[in-house]
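Following: one structure in structure tokens, then a few remarks.
For clarity, every value in this text was computed on a predicted model and none was experimentally measured. Below, chains carry the letters A, B, ... as their sequence lines are ordered, and counting in each starts from 1.
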2 protein chains.
Amino acid sequence: MFKYSSQTRVLVAVDCIIFGFDGTDYNLLMVNRGFSPEKEKWSLMGGFLKANESLDESANRILYELTGLENVFMEQMHTFSKPNRDPIERVVGVVYMALIDIKKYQHQPHDDFQARWFRMDQIPKLIFDHQEMVEMAFNRLRSKAAFHPILFELLPEKFTLPKLQTLYEKLFATKIDKRNFTRKLLSSKIIQKIEEKDKTASKKGAFYYTLNPSTYKENFQRTLNLIPKSEIPSLIE
Amino acid sequence: MFKYSSQTRVLVAVDCIIFGFDGTDYNLLMVNRGFSPEKEKWSLMGGFLKANESLDESANRILYELTGLENVFMEQMHTFSKPNRDPIERVVGVVYMALIDIKKYQHQPHDDFQARWFRMDQIPKLIFDHQEMVEMAFNRLRSKAAFHPILFELLPEKFTLPKLQTLYEKLFATKIDKRNFTRKLLSSKIIQKIEEKDKTASKKGAFYYTLNPSTYKENFQRTLNLIPKSEIPSLIE
DNA sequence: CCAAAAGTGTTACAGCTACACCCATGT
DNA sequence: ACATGGGTGTAGCTGTAACACTTTTGG
């Protein structure tokens, strides 16, 4: 087989930034590295691109191997490439962002990987340029969520309006008026009430809602304006 | 030096999607490949990532080598990775999108590369997955331009309002009311009129405007809403 | 009965859209 | 003088933001 001659070949790593929401705060799923370099330190879930898989396949494989999860919302975000970002040898790092319902991964089966959730404000010092990756991912999440209803990926099938509102308030570090929030959301028709209440958070209980799958897809491109316009300029991307 | 053992190393190519605007249509700068595979066919400007450069540096080097241009608006867009996207050997392709003033590259110095502009609706069949890359880039440009004033990168320093409006109308394939367009734009303060007219397009002549550098940067994150809301849902990303 | 969270309507304002005519000038 | 493209103002409407009280129920 002919090859391109005299060109440098490098390793390609895939790193997954996995967001979860515990009802109060955003969390990140990290693993304790079992190998050098930086053994025993916390890092993103990652692995090397294999010979016969695409990056999407690789990211999904890595996520599956480490959490057992499949069919998760995940998309490619950015490729990092500083020549010496990995001290061992040159590695180009492709970062994926995933959003999962935090309850779907609770340390269960794969404890051998020593994965655990960290609240966004309590993330340990990370290896290499992983800190930078996380910051970019969180900003990207903010930009996307301002215009597309992706945050539902972080919630279980049934969720309450107060939980959903907290999700938005925490991401944009702002308070939202609950009457306006509810009205905009319901007028979009992307969620529907079910006759069942969550009583864990209050005595009165809050009604559960679920996504309306058809209108959800239709409205995915539509900008919902759930965030007051005055907050939008603070988005960085 | 220690290495990660038994992992696959691959070539990393950088491909630049370079948009220009000729006053009427969007154009793409393509090169006629002088080497196999697909010799003599049209392709994006590209090259391989070198041992000691980052992807950003590589993209800028490639652009400079092929056009002589520097300090151009360019950002990383997506990394393509189907295992057999290049028939010779495995190559992961990182795509950059650049926006340039079309007059800054007019076949001059580097004709040996046989680069030329193609109107977006007259792009020849491209090699590998370059067609897919171009489509993604154009969609991405649309999404970004809907909310950030990046299209100015396609214009010369002095430009007229009618030209600017055409730029938006072509990208979104829609007609915009010129009174509304002008009003929104001027109220944003990002451009300023200069007392000089372009008489090439009409007898009356249209006033030139320039970017107001300070307000331009300030307002870069602000959503201008130059495109009527009803058109926005058609954006795909 | 009280504390804590959920739920619900209205009004004022800002920003958007729709729309048509006059102006300047080269030929 | 006329054809061509450039420039300008208003009114109605829609959507957003601001705002406070009642309801429910577990303890």
Side-chain angles (χ1 to χ4, degrees), chain A residues 23-24 146-147 155 158-170 172 174-210 219 222-234, chain B residues 23-24 146-147 155 158-170 172 174-210 219 222-234:
Chain A
T24 311
F147 300 115
L155 294 175
K158 304 188 295 191
F159 52 85
T160 64
L161 292 182
K163 279 278 180 293
L164 184 54
Q165 186 172 338
T166 305
L167 194 58
Y168 276 89
E169 289 181 337
K170 281 290 163 66
F172 293 95
T174 187
K175 282 279 164 209
I176 303 176
D177 181 282
K178 65 181 168 179
R179 283 170 289 192
N180 294 339
F181 184 80
T182 308
R183 186 174 339 102
K184 289 178 190 179
L185 206 48
L186 294 180
S187 75
S188 79
K189 306 260 175 62
I190 63 176
I191 60 172
Q192 52 198 193
K193 190 197 266 192
I194 57 181
E195 289 303 326
E196 188 188 345
K197 281 188 164 184
D198 169 25
K199 295 211 167 185
T200 59
S202 74
K203 333 218 149 159
K204 184 178 178 182
F207 280 107
Y208 279 118
Y209 286 74
T210 58
N219 282 310
R222 179 161 274 114
T223 79
L224 288 185
N225 286 355
L226 293 172
I227 307 302
K229 282 183 194 167
S230 55
E231 301 291 333
I232 300 275
S234 72
Chain B
T24 311
F147 300 116
L155 295 175
K158 303 187 296 189
F159 51 86
T160 65
L161 292 181
K163 280 277 180 296
L164 184 55
Q165 187 173 337
T166 306
L167 195 58
Y168 277 89
E169 290 181 339
K170 281 290 163 67
F172 293 96
T174 185
K175 282 280 164 209
I176 303 176
D177 181 279
K178 65 181 167 180
R179 283 170 290 195
N180 294 338
F181 184 79
T182 309
R183 188 175 336 103
K184 289 178 188 177
L185 204 46
L186 294 180
S187 75
S188 79
K189 306 264 175 60
I190 62 175
I191 61 172
Q192 52 198 190
K193 190 197 267 191
I194 57 181
E195 288 303 325
E196 188 188 344
K197 280 188 164 185
D198 168 26
K199 294 210 167 184
T200 59
S202 75
K203 336 219 149 158
K204 182 177 178 181
F207 280 107
Y208 279 118
Y209 286 75
T210 58
N219 282 310
R222 179 160 275 114
T223 79
L224 288 184
N225 286 356
L226 294 173
I227 307 302
K229 282 183 194 167
S230 54
E231 302 290 332
I232 299 274
S234 70

In this structure, how many angstroms lie between the [atom2] atom of [N] and the [atom1] atom of [X], rounded?
X: B/Lys163; N: D/dG7; atom1: NZ; atom2: P; value: 12 Å
X: B/Lys184; N: D/dT8; atom1: NZ; atom2: P; value: 18 Å
X: A/Leu164; N: C/dG7; atom1: CG; atom2: P; value: 12 Å
X: A/Lys175; N: D/dA18; atom1: NZ; atom2: P; value: 15 Å
X: B/Lys204; N: D/dG5; atom1: NZ; atom2: C1'; value: 8 Å
X: A/Lys203; N: C/dC1; atom1: NZ; atom2: C1'; value: 12 Å

For B/Lys170 and B/Thr24, work out which heavy atoms get closest and say how close. NZ-O, 2.7 Å

Give a yes or no on whether the ring-centroid distance for B/Phe181 and B/Tyr168 is below 6.0 angstrom. yes

Could you tell me whether the side chain of A/Glu169 and the main chain of A/Ile176 form a donor-acceptor pair under 3.5 Å? yes

Hey, what do you get for CG (A/Leu186) to CG (A/Leu161), rounding to the nearest 0.5 Å? 6.0 Å

Strand contacts (DNA chain D) in residues 176-183 of chain A, 4.0 angstrom heavy-atom criterion: A/Asp177, A/Arg179, A/Asn180, A/Arg183

Which residues in residues 193-202 of chain A have a heavy atom closer than 4.0 Å to any atom of DNA chain D? A/Lys199

Is it the case that more than 12 heavy atoms not belonging to A/Lys197 sit under 6.0 Å from its NZ atom? yes

Return the nearest nucleotide to the side chain of A/Phe207; candidates are D/dG7, C/dG7, C/dT25. C/dG7

